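The structure appears right after this line, and notes come after that.
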Amino acid sequence: MRLIFLGAPGAGKGTYAAQLCQQMGIPTISTGDILRANVKQGTALGQEAKTYMDKGGLVPDELVTRMLADRLSAEDVKPGFILDGFPRTIAQAQSLDVLLKEKGLNLTAVVNIDVPREVIIRRLSGRRMCPGCGANYNVNTNLKPKQAGVCDKCGAALITRSDDNEATIMNRLQVYEQQTAPLIAYYQKTGLMKTIQAEGEIADIVARIRAAVS
Ligand code: AP5
Ligand code: MG
């Protein structure tokens, strides 16, 4: 199973991918997570990427595409993968087409995760992350931690992602509309597109995605 998850910032790509991957035994490749790990480790890629990420802009296609090509050569992606946050521009989609063709691989489906803008803003402004174990919480939805500000799983103090402030959220949504939303038409032409309405219980949405791609 080789899937792309398309969707605006905060649509729930990471949340649904994490559950689906566990169910299907395949890895999620999140370009955002790989970039954040590079920022944390202070690599040259991380230092360059940070300047774009902090403003809510996109990291240049060339850097992200090279990073993805490396990740797609790893052994664990052989049974399949979910791409979360890649491609994000038409140029990235074209590079992915070339990469997959070189490897003799086809996509199974492109899942367009569709959520109204007001829900997205509520989700992003309430998101909290655990810097210890990576668990994801939300103070604006039913995913609140049991004790405010503390991870249920490992007890670490929760943090807000540095791009989840109001100004950067608005910029990320604008960048999505301008540069990423055109991918919906791009993939609609391939016949692989499945649009999923992603409001409600997470388990129900994951089941909806699973049914659409199987
Ligand atoms: P990235 O990390 O990909 O961020 P994003 O696209 O802005 O998306 P998010 O991770 O914010 O949202 P999500 O859809 O994963 O939602 P989540 O599941 O967390 O990218 C970050 C930056 O890296 C970019 O801005 C860019 O600079 C750079 N970058 C990355 N990839 C790139 C690329 N390919 N090219 C160039 N630059 C790139 O859900 C949101 C919240 O809502 C969570 O708290 C969640 O728990 C909650 N939630 C979700 N669904 C539900 C539900 N049904 N009920 C209750 N709560 C819910
Ligand atoms: Mg994410």
Side-chain angles (χ1 to χ4, degrees), residues 4-21 28-40 45-46 48-69 71 82-93 95-96 111-116 118-130 134-145 152 158-165 167-181 183 196-209:
I4 291 177
F5 276 15
L6 273 186
K13 302 181 293 297
T15 303
Y16 312 135
Q19 298 218 356
L20 214 60
C21 281
T28 297
I29 302 177
S30 159
T31 43
D33 285 349
I34 302 174
L35 289 167
R36 277 184 291 278
N38 274 275
V39 171
K40 202 170 168 186
L45 169 64
E48 179 160 6
K50 190 176 185 324
T51 58
Y52 301 96
M53 294 169 82
D54 280 349
K55 295 188 204 116
L58 293 183
V59 176
D61 288 336
E62 194 198 301
L63 287 181
V64 186
T65 303
R66 206 178 321 135
M67 190 179 90
L68 183 87
R71 183 64 186 89
I82 298 179
L83 291 183
D84 160 8
F86 188 98
R88 252 176 154 96
T89 62
I90 297 283
Q92 290 181 17
S95 300
L96 179 65
V111 179
N112 179 30
I113 300 173
D114 195 22
V115 188
E118 63 276 13
V119 175
I120 283 175
I121 294 172
R122 205 164 58 237
R123 285 183 184 174
L124 285 177
S125 48
R127 177 166 54 188
R128 301 290 182 270
M129 312 291 297
C130 175
N136 181 339
Y137 297 90
N138 203 301
V139 297
N140 289 346
T141 73
N142 54 357
L143 297 175
K144 294 177 187 66
D152 294 351
L158 300 179
I159 55 166
T160 301
R161 224 170 85 173
S162 61
D163 56 350
D164 280 348
N165 60 76
T168 311
I169 289 173
M170 291 305 151
N171 198 31
R172 283 158 65 204
L173 290 174
Q174 198 178 4
V175 166
Y176 168 78
E177 288 303 332
Q178 288 169 350
Q179 302 198 53
T180 308
L183 289 176
I196 303 292
Q197 303 305 327
E199 279 185 276
E201 290 296 323
I202 291 172
D204 294 342
I205 297 163
V206 172
R208 237 176 270 163
I209 297 175

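Worth saying up front: this structure is predicted, and the values here are computed from it rather than measured. Numbering of ligands and ligand atoms starts at 1, following listing order.
- Annotation: ligand 1 has protein neighbours A8, P9, G10, A11, G12, K13, G14, T15, Y16, T31, G32, L35, R36, M53, G57, L58, V59, V64, G85, F86, R88, Q92, R123, L124, R127, N136, Y137, N138, T141, N142, L143, R161, D163, R172, G200, I202, I205, each with a heavy atom less than 4.0 angstrom from the ligand.
- Pairing each heavy atom of P9 with each of I120, the nearest pair is O-CG2, 3.1 Å.
- Counting non-hydrogen atoms of neighbouring residues, nucleotides and ligands closer than 6.0 angstrom, the CD atom of E201 reaches no more than 12 such neighbours.
- For the pair R66 and E62, the salt-bridge criterion is met [side-chain N within less than 4.0 Å of a carboxylate O].
- Residues forming a side-chain contact (heavy atoms from CB on, under 4.5 Å) with A69 (at least two apart in sequence, or on another chain): L99.
- Ion pairing between a basic and an acidic side chain is recognised when a charged N comes within 4.0 Å of a carboxylate O; R172 and D164 show such pairing.
- Taking every heavy atom of both residues into account, I4 and P87 meet most closely at CD1-CD, 3.7 Å.
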